[in-house]
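Numbers here simply count residues along the sequence, with the first being 1.
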Amino acid sequence: MKLASSPQSSVAKQVEKSEKISYGLGNLAANLLLTTANTYMVYYYTDIAGMTAAIVGALLLVAKIIDGVFDLSIGVFLDSTANRGSEKARPWIKKMAIPFGIALILMFSVPNLTSGFKSIYAFITYILAMFIFSAISVPYNTMISLSSSDPHVRSEFSSYRNMLGSVGGWLLTVITLPIVAFFGDGRRGWFLMAIVYGVIAILAYLICYRNTCERVIPTISKVQADDKIIDKIKAVSKKQVLVVSIDNYDFNVCYCWTGWCKCVLCKVRHG
């Protein structure tokens, strides 16, 4: 796919700061799910929902392998469904904002039923959340290349994305446990925390959608238009995907269990 500058490309160098901040809010919204899950999910599953460590480890392994396929498949899907003269990535921010918030809430809503049911519920909701995360994050990250044909403007969008994402990620590690405690700890506290984060994520993504635009319109060559989606999807079944997913799994498992240790130490220290 080639990228062609729209007639507005001459104005691209004068992108308002409010648009860059609005774009950065999308990464803050993403961290409401990703950072919260990576930091607190293991603790929630084991100490709050009562699942075994073995089940949680298996869940993370399966989810990360599937997530690697999700990312590549969604990228292929975006390229295959882009229409000449229309926005490619931005519409998906609006479409997936509400499902994103709901998925975040469902992750922290494991019912107090049998061990088997809790495990099935956790598998379904966690993998669903990772799919929706990919479905909104891949288009979101693609928007940088479509925001302007000017590399300097693109780098500014990237800077605001990284800045707000980093600040949001750090803030979440500080305020999440106090928020849960404010709502009463236990299942109720985590559930209400997830509702708050879910609503904030939805609003942040909708602001991102409303205040941004694509100035670089994709053009599709005839060869690309004739390509079958199924042929492109086959590429994601290559063994490299498994290798990358396992490497990603190793990193995320360490991150998740470190988050569990932090929660336990904090609980011991403050009673």
Side-chain angles (χ1 to χ4, degrees), residues 21-53 55-57 59-60 63-64 97-113 118 121-122 125-126 128-130 132-133 136-137 140 160-208 251-271:
I21 294 174
S22 296
Y23 177 75
L25 287 177
N27 202 24
L28 188 151
N31 274 284
L32 285 166
L33 189 152
L34 188 63
T35 299
T36 305
N38 285 344
T39 307
Y40 301 107
M41 212 70 241
V42 170
Y43 174 79
Y44 174 79
Y45 281 151
T46 56
D47 290 56
I48 306 300
M51 296 169 58
T52 65
I55 292 294
V56 175
L59 166 61
L60 293 176
K64 291 306 175 183
I98 293 178
F100 183 93
I102 294 174
L104 197 165
I105 295 170
L106 290 177
M107 277 201 308
F108 290 94
S109 307
V110 178
N112 189 20
L113 298 174
K118 286 190 290 188
Y121 180 91
T125 54
Y126 188 86
L128 174 65
M130 291 302 102
I132 293 176
F133 178 83
I136 198 168
S137 293
Y140 172 77
Y160 277 90
R161 177 191 64 181
N162 295 336
M163 177 183 67
L164 288 176
S166 298
V167 170
W170 171 82
L171 189 62
L172 288 170
T173 62
V174 174
I175 67 173
T176 297
L177 290 180
I179 290 176
V180 172
F182 174 79
F183 286 128
D185 285 319
R187 293 175 181 273
R188 181 177 183 274
W190 287 94
F191 174 67
L192 293 177
M193 175 278 296
I195 291 178
V196 172
Y197 284 7
V199 171
I200 294 174
I202 292 172
L203 293 176
Y205 271 129
L206 291 179
I207 291 173
C208 174
F251 172 79
N252 279 280
V253 165
C254 293
Y255 193 93
C256 290
W257 285 103
T258 299
W260 175 82
C261 292
K262 291 178 181 177
C263 291
V264 172
L265 289 174
C266 184
K267 185 177 180 181
V268 170
R269 182 175 179 181
H270 297 284

Using modelled atom types only, decide if a donor and an acceptor are shared between the side chain of [X] and the backbone of [Y] within a distance under 3.5 Å.
| X | Y | value |
| --- | --- | --- |
| Arg187 | Val110 | yes |
| Tyr197 | Ile105 | no |
| Arg161 | Tyr23 | no |
| Thr173 | Trp170 | yes |

Is there a side-chain contact between [X] and [Y], using heavy atoms and a 4.5 Å cut-off?
| X | Y | result |
| --- | --- | --- |
| Val199 | Leu203 | yes |
| Leu192 | Phe182 | no |
| Ser22 | Tyr160 | no |
| Thr46 | Thr52 | no |
| Leu104 | Thr36 | no |

When rounded to the nearest 0.5 angstrom, what is the spacing between [atom1] in [X] and [atom2] in [Y]?
| X | Y | atom1 | atom2 | result |
| --- | --- | --- | --- | --- |
| Leu32 | Met193 | CG | CE | 10.0 Å |
| Phe183 | Ile195 | CZ | CD1 | 8.5 Å |
| Thr39 | Leu34 | OG1 | CG | 8.5 Å |
| Tyr45 | Ile48 | OH | CD1 | 13.0 Å |

Walk me through whether Leu177 and Tyr40 qualify under side chain to side chain contact (heavy atoms under 4.5 Å, CB included).
CA-CA 9 Å; Leu177 290 180; Tyr40 301 107; 3.8 Å; yes
Using the rule given for side chain to side chain contact (heavy atoms under 4.5 Å, CB included), can you reason through Leu60 versus Val42, listing the C-alpha separation, both sets of side-chain angles and the distance that settles it, and then say yes or no? CA-CA 9 Å; Leu60 293 176; Val42 170; 4.1 Å; yes
If you take all heavy atoms of [X] and [Y], which pair is closest and at what distance?
| X | Y | result |
| --- | --- | --- |
| Ala201 | Ala29 | O-CB, 3.7 Å |
| Ala103 | Ala129 | CB-CA, 3.9 Å |
| Ile202 | Ala97 | CG1-O, 3.4 Å |
| Lys118 | Gly50 | NZ-O, 3.9 Å |

Report the residues that fulfil ring-ring contact (aromatic ring centres under 6.0 Å, His included) with Phe108, sequence neighbours left out, ordered by chain and then residue number.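 Result, ring-ring contact (aromatic ring centres under 6.0 Å, His included) vs Phe108: Tyr44, Trp190.
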TODO: List for me each residue that meets ring-ring contact (aromatic ring centres under 6.0 Å, His included) alongside Tyr205, sequence neighbours excluded, and say none if there are none.
DONE: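 Checked Tyr205 against ring-ring contact (aromatic ring centres under 6.0 Å, His included); matches are Phe100.
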Check side chain to side chain contact (heavy atoms under 4.5 Å, CB included) between [X] and all other residues, then give those that pass, not counting sequence neighbours.
| X | result |
| --- | --- |
| Asn162 | Ser158 |
| Asn31 | Asn27, Thr35, Leu172 |
| Ile102 | Ile98, Leu106 |

Go through Leu33 and Met130 one step at a time and tell me if the side chain to side chain contact (heavy atoms under 4.5 Å, CB included) criterion holds.
CA-CA 9 Å; Leu33 189 152; Met130 291 302 102; 3.5 Å; yes
Name all residues meeting the side-chain hydrogen bond (donor to acceptor under 3.5 Å, both in side chains) criterion together with Thr125; count only those two or more places apart in sequence or in a different chain, and write none if there are none.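 If we apply the side-chain hydrogen bond (donor to acceptor under 3.5 Å, both in side chains) test to Thr125, skipping adjacent residues, there are no hits.
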Please check if the number of heavy atoms outside Phe191 that lie under 6.0 Å from its CZ is greater than 12.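 No, CZ of Phe191 has 12 or fewer neighbouring heavy atoms, counting only those of other groups under 6.0 Å.
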